There are 2 protein chains.
Amino acid sequence: MTIKPAKSMTLSDIARLAGVSESTASRALRDNPVINAQTRQKVQQIAADHQFKVNATARSLRTQKSHTIAVIILFDAKTQQAITDPFLLDILGVIADELTRQGYDMLLSSSKTTDKDWRSYYFDSKRADGLIVIGQGEHDERVEQLSAAGVPFVVWGAATGTERFPVIGSDNRQGAQLAVTHLLAQGCKRIAFLGDIRHTEIEMRYLGYQDALQAAGIKPEPKLQLNTDFTAQAGYLQTQQALFTELATLDGIFAASDAIAMGAMKALLEHNIKVPQQLALVGFDDIAMSAYCTPSLTTVKQDTHAGGKLLVAQLLSRINGGKAASQLLPVKLIERQSSLRKH
Amino acid sequence: MTIKPAKSMTLSDIARLAGVSESTASRALRDNPVINAQTRQKVQQIAADHQFKVNATARSLRTQKSHTIAVIILFDAKTQQAITDPFLLDILGVIADELTRQGYDMLLSSSKTTDKDWRSYYFDSKRADGLIVIGQGEHDERVEQLSAAGVPFVVWGAATGTERFPVIGSDNRQGAQLAVTHLLAQGCKRIAFLGDIRHTEIEMRYLGYQDALQAAGIKPEPKLQLNTDFTAQAGYLQTQQALFTELATLDGIFAASDAIAMGAMKALLEHNIKVPQQLALVGFDDIAMSAYCTPSLTTVKQDTHAGGKLLVAQLLSRINGGKAASQLLPVKLIERQSSLRKH
DNA sequence: CAGCGTATTGCAATCGATTGCAATATAGCC
DNA sequence: GGCTATATTGCAATCGATTGCAATACGCTG
């Protein structure tokens, strides 16, 4: 039996219909055992019949909890366009699912919102109980401020060990080292790094790149590090440009993201450079498409599932008075065609 | 001068500090001209000094407006995994930006949330003033219910002309027709359709596919329509499977999404089928990666920017008492290597 | 039968901001 | 000087649910 959605039922209406006080109705609806079982049953039945839903706003005001988490995606001020990296969607999906599972709503910020002062906007205004910040970008001081202000938040990014706030992220340095060591094992001698090291995560990947080279007795050449945005287009253009200078002498490329790698691959193939024979290529992220380009892309897989769950778990723990700790997630090298040379 | 964020400033605190009543403080903060200019100035100054932010919850309760829109992403019950299609991220980004521009917050639902009754959850509980539903999926009756319940909402999907609610979406039929006509013009005689026609949008694309064939005097063969999920993996597997049956006689594939097309391309290349010479391939969406695979992918570009803006505009108009109308957005064929045969 | 513990229920305050209406003050006018 | 129009400000109710504490009723014990 579906009852016409009258104006809008309130707790007071339900109480009246059930012939009890608002307080009793409130407790009954939440199955408070202090209320007589029959009364509870009756109130719940009436509420169900009338499709009553607790007004979330009123509840939030009274309980001082919004049960909402704001997720803020940072990205380059330069690339003003909307979010495009598929990797983001991956982790966002996990976070969304996990928050839902824990009974929280997810408020998503956009590029433009990011202009605002999100502490004020989301936290001081009580829109959210906590924040998840994705991507530290180029050393954002706004994140530091959050920390100083005592706002519960966690960051997806790169833990450098010096932050005063919890950072969850992949072991970027280790991942890069795996990737580059793999390239070296495939016989590469001169490997370029495509990625913008002003981003902390990318900086860590660059360090891993250097680690691997040095371990092999190769001195890293700074000019082989090319700042590149997180897009296939940037990877393509950067590689094309590099063709005129260094590319002839390169035999490997480590791209800081799969999107960049795919752009690079396009440029290489256009110039009839054989991948992986002439030049081996490795990306980072393991987005869904990586397995399906040709040649398929060797890459470093980030465990987004564990990451998303951990972000949520740490934040909620912090909100509930506990501590949130930084954590490095292990990564895994996925070997595919773009780097595997037949021996 | 940053003042230590005391417990939490309320309007009442500001009023006391300014030596005025709460009502005056409230009006002053919103620059109500009925309040003396000097008083307004003073109150605003004090509020700024103390980093006061209006409590959004309290305001919502009083004004009965949440200034929040819930965005619900529907997808297959089968593929229980999180959202993966890059196209979603595109349109989501546009919607997020546009909502922010209009002063609205965006609540994002996840796969799991979708299990719930979202009318109750988001609307009846006053969490959101309206809903944007992305993807009608397989004729979801929950959408019909929303409509019956008088909830302000708009849908991104396929307008069939029979819905009783506003649907914004690309002209899928026209787009498919463009794509298939193009394939025919390239000399294709036998074209497969990869996509799950239980989704309304895909159904429309299938109709456009049939339109184009019939216009060319070709009778569509039902067995060339292969239900395929929205993933590269599904496209890959479906194409591989088709290899054993129909593929030898095919010379064209129209995939219902770029992700599917990329999976298909992978399978084709693995079997040494030359794209586009032996078999021409066209996708749908024009995701960022389409230009950067090899061969680059011919596809039908959806105008996500116009779509996102329109969704928001129509919904807000509806919320503000106006009407929201369905609308078909024009699409554009982007010709790239995967279908262009040199003559 | 008095007294007290337990089970239920209701009263009323509270969360923080907004707003209709009343109150006060000031100015202008004849 | 008396009176009205206008400019400012404040009072108090309101939005809807939650919760500490008081109130009531009932049963049981000695």
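For clarity, every value in this text was computed on a predicted model and none was experimentally measured. In what follows, every chain begins at residue 1, and chains take the letters A, B, ... in the order their sequences are listed.
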Handout entry: d(NZ, B:Lys65; C1', C:dA17) in whole Å
Key = 15 Å
Exercise for the section: To the nearest Å, give me how far apart CG (A:Asn55) and P (C:dC15) are. Expected result: 18 Å
Problem - Between A:Asn36 and A:Gln41, a side-chain donor and acceptor under 3.5 Å - result: no
Exercise for the section: Answer yes or no on whether A:Arg127 is positioned over the face of A:Tyr121, meaning its NZ or CZ is under 6.0 Å from the six-membered ring centre and within 45° of the axis. Expected result: yes
Practice task
Round to the nearest Å and state the distance from B:Arg127 atom CZ to D:dA17 atom P.
Solution key: 12 Å
Exercise for the section: Please report, rounded to the nearest Å, how far the P atom of D:dA17 is from the CE atom of A:Met9. Expected result: 11 Å
Exercise for the section: Check the distance between D:dT18's C1' and A:His67's NE2 and give it to me in whole angstrom. Expected result: 13 Å
Handout entry: Check: A:Ser26 side chain, A:Glu22 main-chain N or O, donor-acceptor pair, under 3.5 Å
Key = no
Handout entry: Qualifying residues under side chain to side chain contact (heavy atoms under 4.5 Å, CB included), relative to B:Ser317, sequence neighbours excluded
Key = none
Handout entry: Spacing of A:Lys53 atom NZ relative to D:dG16 atom C1', expressed in whole Å
Key = 16 Å
Fill in the blank from the handout: Taken to the nearest whole Å, CD/B:Gln64 to C1'/D:dT14 is 10 Å
Practice task
Return the set of residues passing side chain to side chain donor-acceptor pair (under 3.5 Å) with B:Asn32 (not counting sequence neighbours), or none when no residue passes.
Solution key: none
Practice task
Take atom CG of B:Leu61 and atom P of C:dT18, then tell me their distance rounded to the nearest Å.
Solution key: 11 Å
Exercise for the section: At under 4.0 Å between heavy atoms, which parts of nucleotides 8-13 of chain D does protein reach? Answer with one letter per nucleotide, 5' to 3': B base, S sugar-phosphate only, - none. Expected result: BBBB-B
Exercise for the section: Over 60° means perpendicular and under 30° means parallel, so classify the ring planes of B:Phe87 and B:Trp156, tilted if in between. Expected result: tilted
